Amino acid sequence: MAFKNKVQSIVVSGWRNNTLLVSSSRSINTFATGFDNRILKSPSLVSLDFPDVWNCSSTCYSEPSSYKLASEHIARVIDGKQIAEKIISKVAIEVTRMKKAIGEVPGLGVILVGEKKDSQIYVRNKIKACEEAGIKFKLTKFSDNCTEDEVCEAIMRFNVDPSFHGILVQLPLPQHLNEEKILDVLKLEKDVDGFHPMNMGNLAMRGREPLFIPCTPKGCVELLIRYGVEIMGKKAVVIGRSNIVGLPTSLLLQRHHATVTIVTALTSKPEEITREADILISGVGVPNMVRGSWVKPGAVVVDVGTYPIEDTSCALGYRLIGDVCYEEASRVASLITPVPGGVGPMTIAMLLYNTLESATLSWTTAACSPVSDQKHKWYSCRSWGQRHKHQTVCSEADSLCQNNTACSNTWMDRLPSHNICTPSIPETGRASSVAHRGPVQPLRGIHSAPLPQAPVLEAVTHEKKEEEEEEDEGDVIKGFHDNNHRTQREVEERGDKRHDVFE
Ligand SMILES: NC(=O)C1=CN([C@@H]2O[C@H](COP(=O)(O)OP(=O)(O)OC[C@H]3O[C@@H](n4cnc5c(N)ncnc54)[C@H](OP(=O)(O)O)[C@@H]3O)[C@@H](O)[C@H]2O)C=CC1
Ligand SMILES: Nc1nc(=O)c2c([nH]1)NC[C@@H]1CN(c3ccc(C(=O)N[C@@H](CCC(=O)O)C(=O)O)cc3)C=[N+]21
């Protein structure tokens, strides 16, 4: 409480001092290089042309010194790197178990076109993470001037190779290549990026569940929930509407019952909108665009933007900066992600998680057939989830699921397929959501809106939760208590169930 009051008082004086300095012209809030006019005219197109390394000032402009001095409060930092490492090490454990049980590991195929320096860095990070997790990785590289057919053929090779369960085409592609056409070739079941229209459509539609949720939005929401940020009923503002970041982030936040507003390059007075946000997520690619004065006091700020800028003092000759002027925003927000070390590592962790999920699903082909061999025994539990996902009817699966029988000795019992398998109980007070196929399905593998659960499954979940809390002593769960001044049980009683990626 004391903490909250402190933030409020800072804000009031901050805003008053600041009123005249809040610009109504967006150009002032973007950076002043020779490129900013182009950005203002056509941001989404120009963004494809971005040079590998920008030269731009790393600090924010002209924030009044009185404002800076008034702000004593510093937001708590969301440590995406630490959480990503935990998730990756859990993925690694699952991969090891999988390998022991059936002698196979998940595989990820990556296609990289061109020499963009930042793309190379991101791909290198993905390779490193796959190595850590024991996931098989293959990189197919093409030069800038390759043809569409060459890229499509490489995707098709991964499509038919059963040892690859995920395929990722690193974006952006050079402009002469048709991104839509190329991504259309990618097999839905291997779309671990979640960019396929079917995945995106299912994410958007109530009562449906995508096979894969795009990694960056999933990473953002994972961070919010792990830090105890309540999403339901909150005002969220997403800056940007790209297929990779803005659009799926806004959809995912809606799935978590936030009231979402989207700010684009054409939005007038964006700061007036962002200032209303309890949760502000920016995925634009304009360094330091989000000033302290754009942030509501006590808000949670998630910076997706990553921009390499030349810095000869850094070992690699560059460093990354985000969309948010961290120095200013951290004096207004209650929680904030840094760049680097925030969303970026989470994107990679979620990619590995999706790849693991994809491998698991690929080995459950014998949907309703009796459990016959080792693989099917191992994955039989998962196949229920798959059937539910495709919303076909399988009474045998439902009864297995309720009894929880086949789960007893597999690692799958730790994955959230149980939630998917929840027998059809109407969602309380939301009759319209209950289609003939059953209740609205929670998002697999991440946190979902509260759903009634079968008692037997509930008991399993609670046991696991307690075990995990013990294991994770000093973990982010602690933050969960701290941040909202509520215990986890209190939150659960209200229905805000945590379903960690590995719960
Ligand atoms: N950390 C991570 O894991 C990831 C980071 N990124 C980073 O996120 C950023 C965005 O990436 P991506 O979505 O692919 O980029 P795009 O260029 O595809 O999209 C940018 C979006 O930002 C909007 N925009 C541009 N300028 C402004 C402005 N001045 N005010 C408001 N909105 C604006 C555009 O609006 P409009 O549609 O109106 O043109 C567009 O929707 C980049 O820095 C990228 O590197 C991306 C993916 C993962
Ligand atoms: N098909 C596709 N899928 C993507 O997910 C995708 C893409 N294309 N194109 C580009 C964006 C960008 N992106 C990042 C991933 C990791 C970091 C990351 O690891 N960042 C580290 C630091 C990176 C470093 O400097 O080493 C951090 O922020 O701490 C950043 C950005 C994924 N993207």
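Residue numbers count from 1 along this sequence. Start at 1 and go down the list; that is how both ligands and their atoms are numbered. The shown structure was predicted, so the numbers you read here are calculated from the model rather than taken from an experiment.
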Which option wins on minimum heavy-atom distance to [atom]: [options]?
| atom | options | result |
| --- | --- | --- |
| atom 29 (O) of ligand 2 | Gly194, Gly342, Gly341, Gly344 | Gly341 |
| atom 27 (C) of ligand 1 | Val284, Thr216, Leu266 | Val284 |
| atom 46 (C) of ligand 1 | Leu320, Ile239, Leu171, Val245 | Val245 |
| atom 42 (C) of ligand 1 | Gly342, Gly285, Pro345 | Gly285 |

Pairwise side-chain contact, [X] with [Y], heavy-atom cut-off 4.5 Å (strictly under):
| X | Y | result |
| --- | --- | --- |
| Phe195 | Ile244 | yes |
| Val304 | Cys220 | yes |
| His73 | Pro297 | no |
| Ser163 | Lys138 | no |
| Glu276 | Lys296 | no |
| Ile111 | Phe158 | yes |
| Asp118 | Thr306 | no |
| Leu280 | Val295 | yes |

Numbering the atoms of ligand 1 from 1, which are under 4.0 Å from a heavy atom of [X]?
| X | value |
| --- | --- |
| Gly240 | 21 (C), 22 (O), 23 (C), 41 (O) |
| Met289 | 28 (C), 29 (N), 30 (N) |
| Thr347 | 2 (C), 3 (O) |

Requested in this report: Go through the side-chain N and O atoms of Gln170 and Lys126 and say whether any donor and acceptor fall under 3.5 Å apart.
Outcome: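 Checked: Gln170/Lys126 side chains pair up, N/O donor to acceptor below 3.5 Å.
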With backbone taken as N, CA, C and O and side chain as the heavy atoms from C-beta onward, which portion of [X] lies under 4.0 Å from ligand 2: side chain, backbone, both, or neither?
| X | answer |
| --- | --- |
| Ile348 | side chain |
| Leu320 | side chain |
| Lys126 | side chain |
| Asn125 | side chain |
| Ile121 | side chain |

Requested in this report: Of the side chain and backbone of Thr306, name the one, both, or neither that has a heavy atom under 4.0 Å from an atom of ligand 1.
Outcome: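 Under 4.0 Å from ligand 1, Thr306 contributes backbone and side-chain atoms.
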For [atom], what is the nearest protein heavy atom, given as residue, atom name and distance?
| atom | answer |
| --- | --- |
| atom 11 (C) of ligand 2 | Gln170 NE2, 4.3 Å |
| atom 25 (O) of ligand 2 | Tyr318 OH, 2.8 Å |
| atom 13 (N) of ligand 2 | Tyr122 CD1, 4.0 Å |
| atom 1 (N) of ligand 2 | Asp193 OD2, 2.6 Å |
| atom 5 (O) of ligand 2 | Thr347 CG2, 3.7 Å |
| atom 9 (N) of ligand 2 | Leu171 O, 2.6 Å |

Pairs of nitrogen or oxygen atoms closer than 3.5 Å, one from [X] and one from ligand 1: do any exist?
| X | answer |
| --- | --- |
| Ile244 | no |
| Arg241 | yes |
| Asp323 | no |

Query - Trace of the side-chain contact (heavy atoms from CB on, under 4.5 Å) decision for Glu189 with Leu361 - result: CA-CA 9 Å; Glu189 292 85 346; Leu361 288 169; over 6 Å; no
Report task. Could you tell me whether ligand 1 has any atom less than 4.0 Å away from a heavy atom of Gly283? Result -> yes
Query raised in the report: Hey, does Pro345 sit under 4.0 Å from ligand 2 if you only count heavy atoms?
Result: yes
Query raised in the report: Pick from Thr337, Val302, Leu223: which one makes a side chain to side chain contact (heavy atoms under 4.5 Å, CB included) with Met346?
Result: Leu223
Query raised in the report: Which distance, rounded to the nearest 0.5 Å, do you find between the CG of Asp161 and the CE of Met156?
Result: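 Nearest 0.5 Å value for the CG-CE distance: 14.5 Å.
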